[in-house]
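Read the structure below first, then the notes.
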Amino acid sequence: MVNGAGGRPGSGTTGVDRSPFPEGGLRHDALFYADDRDYRAAVQEFVEAGRAAGEPVLVAVPTDRLRLVRPLLDPLDGVELADMTVIGRNPATIVATLRRLVHRFPGRRVRVVGESLWPGRRPAAYRHCVEHEAIINLGLADQPLTARCLFDRSRLPAGTVGDVARTHPWLVSGGVARPSVDYRPPMAVLRRLARPLPPPPGGARTEPVRPEGLAALRAAVAAVAEAAGLAAERVDDLRIAVTELASNALSHGTGPAVARCWVAAGEVVCEVSGPGELADPLAGRIPPPVGSVRGRGLLLVHRLCDLVDVHVAAGVTTVRLCLELPAARVPAPRSAADAAQGGFVRPAPL
């Protein structure tokens, strides 16, 4: 377990002895910080170690943290910034973003320091963030990537320390990386997190999923979203996402599927449920090979929506998506057209 803040701020001890890491592939560790000074020191020393090794560096942290660390990084070449509240609004999109980053620098090790679970992030995203940290170990295992994940030691929900220890092979404390004794295989973590979805409310709009009925389905979910006050461009995103889910159910399902849509807790919620099993935990999280005609639908759904749940039980797969209503504090994701390209959300160079 972690019982330190990751080193003495400003003392040069938040760097890490890399000797225990494997030679190739993913190096995924976590560091708990105590305060702003600790945070700046952790980012600065991680970045400097990467630059000394000639490695491209991405700093992907929330908006307020960008303001905190930008003065340290402005003079540095080879460092890019990204706002995690934008590129990681849906945690399920982060792995694809990191994979595309690595592919931009063939033959080189790349490093990323990020904070996907920050104080103040809405509670509904917590489980999705834990899933993301576990799936990094599956989806990026063979990639030349050093990923340092930052966590607030005192302001995150109870249980965060345990979840971090289970999803990060290495923990950094006092300037030293040590194996996490509580680390668990990714699939074991995902099984632990898999829980039945709350049932839709009785008043949910319900539509059958039929090839000849996709236009009616799009109109139905748009009517629910527009009545709730979802912005017009986000209604378009919802139409596209629901069409993709319905098309997947028709193409890959083994029987009749049904779509439901409702409004709850400041968000529009839609789901498509039907016979068939989606067994691959990386589905929709990693871009398919270039030239592939399949595998982009769920990827697009993740890019367009704020949170996406996939639940499989008794031979039935339910994919539930959520789009926050305008009162949400976090910026909306990219447009549907940009998301369809599946490109890396490239931050402005420093």
**Study point:** V79 vs V59 side-chain heavy atoms within contact, under 4.5 Å
**Key:** yes
Check your understanding: Are V258 and V209 connected in a single hydrophobic cluster, I mean Ile/Leu/Val/Met/Phe/Trp/Tyr linked by side-chain heavy atoms less than 4.5 Å apart?
Key -> no
Check your understanding: So R27 and R109, side-chain contact (heavy atoms from CB on, under 4.5 Å) or not? Walk me through it.
Key -> CA-CA 10 Å; R27 300 169 184 166; R109 174 163 284 275; 3.7 Å; yes
Revision key, fill the gap. Nearest heavy-atom approach of L217 to A246 is CD2-CB, 3.8 Å
Review point. Do E324 and R89 come within less than 4.5 Å of each other through their side chains, counting heavy atoms only?
Key: yes
Practice item. I would like to know whether V110 and E55 meet side-chain contact (heavy atoms from CB on, under 4.5 Å); could you show each step before the answer? Key: CA-CA 5 Å; V110 176; E55 298 170 352; over 6 Å; no
Point to revise | Closest non-hydrogen atom pair, V268 against A225 | key: CG2-CA, 4.1 Å
Review point. Under a 4.5 Å cut-off applied to non-hydrogen side-chain atoms, are H28 and E133 in contact?
Key: yes
Check your understanding: Between the side chain of R234 and the main-chain N/O of C305, is any donor-acceptor distance below 3.5 Å?
Key -> no
Check your understanding: Any salt bridge between D36 and R65, counting N to O under 4.0 Å?
Key -> yes
Practice item. Check the pair R153 / D38 against side-chain contact (heavy atoms from CB on, under 4.5 Å), numbers first and verdict last. Key: CA-CA 11 Å; R153 189 175 59 176; D38 213 20; over 6 Å; no
Review point. Do L323 and L321 have side-chain heavy atoms sitting under 4.5 Å apart?
Key: yes
Point to revise | Note, I87 side chain near T93 side chain (heavy atom, < 4.5 Å) | key: no
Point to revise | CG-CD distance between L76 and E48, expressed to the nearest 0.5 angstrom | key: 7.0 Å
Exercise for review: For the residue pair F151 and F32, categorise the inter-ring angle as parallel (less than 30°), tilted (30 to 60°) or perpendicular (more than 60°).
Suggested key: tilted
Review point. Looking only at atom types and distance, does a side-chain atom of R99 sit under 3.5 Å from a main-chain N or O of L140, one as donor and one as acceptor?
Key: no
Review point. V164, Y183: one ILVMFWY side-chain cluster at the under-4.5 Å cut-off?
Key: no
Review point. Where do V112 and V57 land on the side-chain contact (heavy atoms from CB on, under 4.5 Å) test, with the steps shown first?
Key: CA-CA 6 Å; V112 176; V57 182; over 6 Å; no
Exercise for review: Look at E244 together with R239 and state whether they make a salt bridge at an N to O cut-off of under 4.0 Å.
Suggested key: no
Check your understanding: Which atoms form the tightest heavy-atom contact between P275 and P256, and what is the distance?
Key -> CD-O, 3.1 Å
**Study point:** Verify same cluster id: L72, L31 (apolar side-chain graph, 4.5 Å)
**Key:** yes
Review point. D29 side chain to H168 main-chain N or O, any donor-acceptor pair under 3.5 Å?
Key: no
Review point. Should R320 and R260 count as side-chain neighbours, where that means a heavy-atom distance under 4.5 Å?
Key: no
Point to revise | Cationic N near anionic O, under 4.0 Å, E45 to R40 | key: no
Review point. Closest approach of P281 and L190, non-hydrogen atoms and distance?
Key: CB-CD1, 3.7 Å
Exercise for review: Scan side-chain atoms only and decide if S173 and R178 contain a donor-acceptor pair under the 3.5 Å cut-off.
Suggested key: no
**Study point:** Spatial distance of atom CG (L171) from atom OG (S180) [nearest 0.5 Å]
**Key:** 4.0 Å
Check your understanding: Does a salt bridge link R122 with D306, judged by any charged N lying under 4.0 Å from a carboxylate O?
Key -> no
Check your understanding: Taking atom types as modelled, is there a side-chain donor on T85 or D83 under 3.5 Å from an acceptor on the other?
Key -> yes
**Study point:** Validation row: H311, T317 side chains within 4.5 angstrom (heavy atoms)
**Key:** no
Review point. Between atom CD1 of I94 and atom CG of L101, what is the distance when rounded to the nearest 0.5 Å?
Key: 13.0 Å
**Study point:** Connected via hydrophobic side-chain network under 4.5 Å: V272 and V310
**Key:** yes
**Study point:** Check against salt bridge (charged side-chain N to carboxylate O under 4.0 Å, His left out), R104 and E80
**Key:** CA-CA 13 Å; R104 285 173 52 203; E80 294 183 351; 3.0 Å; yes
Exercise for review: Give the cluster check for V319 versus L214: same hydrophobic cluster or not, with ILVMFWY residues linked at side-chain heavy-atom distances below 4.5 Å.
Suggested key: yes
Check your understanding: With distance as the sole test, does T318 use its side chain to make a donor-acceptor pair with the main-chain N or O of S273 at under 3.5 Å?
Key -> no
**Study point:** Ring geometry between Y39 and Y33 (parallel below 30°, tilted from 30 to 60°, perpendicular above 60°)
**Key:** perpendicular
**Study point:** Non-hydrogen atoms of L278 and A283 that approach each other most closely
**Key:** CD1-CB, 3.9 Å
Check your understanding: Should D309 and R127 count as an ion pair when the cut-off is N to O under 4.0 Å?
Key -> yes
Check your understanding: Would a 4.5 Å heavy-atom cut-off, applied to side chains only, mark W118 and D64 as touching?
Key -> no
Point to revise | From SG (C261) to CZ (R205), nearest 0.5 Å | key: 8.5 Å
**Study point:** L238 to C270 - nearest heavy-atom pair and separation
**Key:** CD1-SG, 3.7 Å
Review point. Going by an N to O cut-off under 4.0 Å, is there a salt bridge joining D182 and R166?
Key: no
Point to revise | Polar side chain donor-acceptor pair, N90 to H128, under 3.5 angstrom | key: no
**Study point:** Interatomic distance, L150 atom CG to M84 atom CE [nearest 0.5 angstrom]
**Key:** 9.5 Å
Revision key, fill the gap. One should read off an interatomic distance between I240 CD1 and L245 CG, to the nearest 0.5 angstrom, of 12.0 Å
